[in-house]
Amino acid sequence: MDRIRIVGGERLSGAIPISGAKNATLPLMIASLLTEDTLILDNVPHLADVGQLQRILGNHGVDVMIAGKRPGEDPNHGRTLHISAKNIVDTTAPYELVSRMRASFWVLAPLLARMGVAKVSMPGGCAIGTRPVDLLIMALDKLGAAIEIEGGYVIARARQGLRGGEIEFPKVTVGGTHTAVMAAALARGTTVIENAAREPEISDVADCLNKMGAKISGAGTSRIVIEGVPKLHGARHAVLPDRIETGTYAFAVAMTGGDVLLANARPELLQAALDVLAQTGTTVTPTNEGVRITRNDAQLSPVDVTTAPFPGFPTDLQAQLMALMTRAKGTSHITEAIFENRFMHVQELARLGANIQLDGQTATIEGVKHLKGAPVMATDLRASVSLVIAALAAEGETEVNRVYHLDRGFERLEDKLSACGAAIERISD
Ligand code: EPU
């Protein structure tokens with residue numbers, strides 16, 4: 001199993017290219033199930049989760065062709081995927097596949113909408129909490145699906161097709177919104193989604209679906225209206241830049257000090273996080289090419305932050321902010337309001353010398369002068385990268401074990417950081 005070794009203390013300077021967003025790529029790949037034509041996706045990041053979803057889609061009969069690089073092409077450009085769900089050969093997504101990646105549960109809606117039936121394993125718990133799927137099922141029920149839960153599987157049927165309906169989410173849910181939008185795209189009549197998630201990835205998927213012939217308006221607001229159409233066709237779409245990767249590297253630069261251009265980043269996708277970064281005393285400058293992050297040797301100021309759905313501070317940056325605040329001058333408070341158990345990084349950060357007290361959903365972080373390198377364990381994707389951020393500023397050597405968590409969501413992390421001067425390397429046994 002690969003490990004990452006980091007020797008802390010180097011400032012970061014240079015440029016980091018931001019990849020396409022994982023959390024847009026996954027639902028975009030799943031949206032290919034809605035049409036017999038080929039969907040072409042550009043700017044797709046090279047991630048373990050993309051490969052895993054490709055296997056899951058393959059099980060349904062979907063062909064995914066990945067265009068190879070041509071000589072002279074910039075290695076930082078994302079890849080192009082040609083995805084064809086011409087013949088769906090199987091409408092079941094088995095436990096062995098779904099349990100490895102929660103987002104694969106989302107195949108339920110497009111399979112049901114196009115084929116009239118789908119059987120998908122319940123995803124089960126994961127390191128950040130229980131993460132139920134009741135609201136995804138509620139949305140399909142409102143669109144006329146008959147739903148049974150049997151033997152750990154959700155079986156959804158709509159032999160006569162889905163019909164438009166009113167869906168009001170009691171809680172903002174990204175997966176629930178993707179599910180409702182994809183199902184409604186092929187339903188008869190109009191669907192209105194209230195309290196929809198406003199995450200940029202929802203808008204990106206809706207843009208792509210509209211290129212495929214769907215009639216979706218209001219994506220990016222909390223009210224989305226969808227006029228169902230009988231069929232969707234092929235399209236070509238470029239995945240938007242990853243706002244969580246952007247925020248992660250921005251926090252890394254704030255941690256080490258330095259001056260880095262996050263190329264291709266779009267600041268409006270993470271304004272709340274960049275505002276928090278500015279409060280810490282880091283300079284954030286939007287430029288034509290992306291976002292520039294600079295910090296001199298002045299100490300970081302502490303902050304009080306609560307995670308919230310977009311446009312609030314993202315839960316997917318909570319662990320990274322906590323790593324940064326371990327070195328602030330004073331006391332910070334970070335409240336996790338989306339997932340009940342997303343604090344796996346706290347114990348590992350403590351191994352590096354952080355002083356963090358947990359009380360329910362709120363972490364109180366007393367900044368310390370020095371962190372010290374130690375062996376640590378990656379637990380989930382965002383928790384792992386928070387350990388990398390802490391290690392970049394820790395004295396001595398840190399070894400991050402179970403790196404496969406990082407490979408799920410960060411493309412060439414060690415290359416991107418070492419190109420900016422970090423002492424970081426991957427060790428393969
Ligand atoms: N929830 C329910 N019932 C449901 C669905 C959700 O109670 O049926 C609850 C969840 O337990 C949670 C809240 O609603 O408390 C929000 O969950 P949401 O459905 O929005 O999360 P998700 O769609 O499963 C996506 C991202 C996550 C990200 C969350 C929140 C993808 C592939 N995943 O998950 O990303 O944290 O939205 O923004 O888009 C990550 O990339 O590391 C990651 C975990």
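Whatever order the structure lists them in is the order used to number ligands and atoms, beginning at 1. Both backbone and side-chain heavy atoms feed into the values below; hydrogens, waters and symmetry mates do not.
Take D134 and apply the side chain to side chain contact (heavy atoms under 4.5 Å, CB included) test, not counting sequence neighbours, and it matches P132. With sequence neighbours excluded, the residues that form a side-chain hydrogen bond (donor to acceptor under 3.5 Å, both in side chains) with R243 are E201.
Within the 4.0 Å heavy-atom criterion, both parts of P132, backbone and side chain, lie near ligand 1. By the criterion of a heavy-atom distance under 4.0 Å, both the backbone and the side chain of D134 are placed next to ligand 1. Contacts of W106 with ligand 1, taken as heavy-atom pairs under 4.0 Å, involve the side chain alone. Counting heavy atoms closer than 4.0 Å to ligand 1, residue H178 contributes nothing at all. Heavy atoms of D316 found under 4.0 angstrom from ligand 1 belong exclusively to the side chain. Counting heavy atoms closer than 4.0 Å to ligand 1, residue K22 contributes side-chain atoms (C-beta onward) but none from N, CA, C or O.
Summarising the local packing, CZ of R292 is surrounded by 12 or fewer heavy atoms from other residues, nucleotides or ligands at distances under 6.0 Å. Enclosure of atom CZ in R402 is not indicated, since only 12 or fewer non-hydrogen atoms of other residues, nucleotides or ligands lie within 6.0 angstrom.
If you run side chain to side chain contact (heavy atoms under 4.5 Å, CB included) between I224 and each of T191, I167, T177, only T177 comes through. Among the candidates V291, I293, L321, V253, the single residue satisfying the side chain to side chain contact (heavy atoms under 4.5 Å, CB included) test with L277 is I293.
Applying the 4.0 Å criterion to heavy atoms of L136 picks out, from ligand 1, the atoms 5 (C), 8 (O). Below 4.0 Å from some heavy atom of V172 lie the following atoms of ligand 1, by number and element: 16 (C). Residue A103 approaches ligand 1 through these ligand atoms, each under 4.0 Å from one of its heavy atoms: 32 (C). Under a 4.0 Å criterion applied to the non-hydrogen atoms of G175, ligand 1 contributes the atoms 19 (O), 23 (O).
The aromatic rings of F313 and F251 sit parallel, their planes meeting at an angle under 30°, below the 60° perpendicular limit.
Considering backbone and side-chain N/O atoms, I338 comes within less than 3.5 Å of an N/O atom of ligand 1. In terms of polar-atom proximity, defined here as any N/O pair under 3.5 Å, G176 makes no such contact with ligand 1. In terms of N/O distances under 3.5 Å, ligand 1 is approached by T173. Taking any N or O of V174, backbone or side chain, at least one lies under 3.5 Å from an N or O belonging to ligand 1. Remark: ligand 1 and L26 share no N or O pair separated by less than 3.5 Å (distance only, no angle test).
Distances shorter than 4.0 angstrom do not occur between any heavy atom of F310 and any atom of ligand 1. Remark: distances from the non-hydrogen atoms of R342 to ligand 1 include one below 4.0 Å.
In this structure, CD1 in I155 is found 12.5 Å from CG in L112, a value given to the nearest 0.5 Å.
With 3.5 Å as the limit, one finds no donor-acceptor pair spanning the side chains of S84 and D63. In the model, T307 has no side-chain atom that pairs as donor or acceptor with a side-chain atom of Q318 under 3.5 Å.
Between I427 and E399, some side-chain heavy-atom pair lies under the 4.5 Å cut-off.
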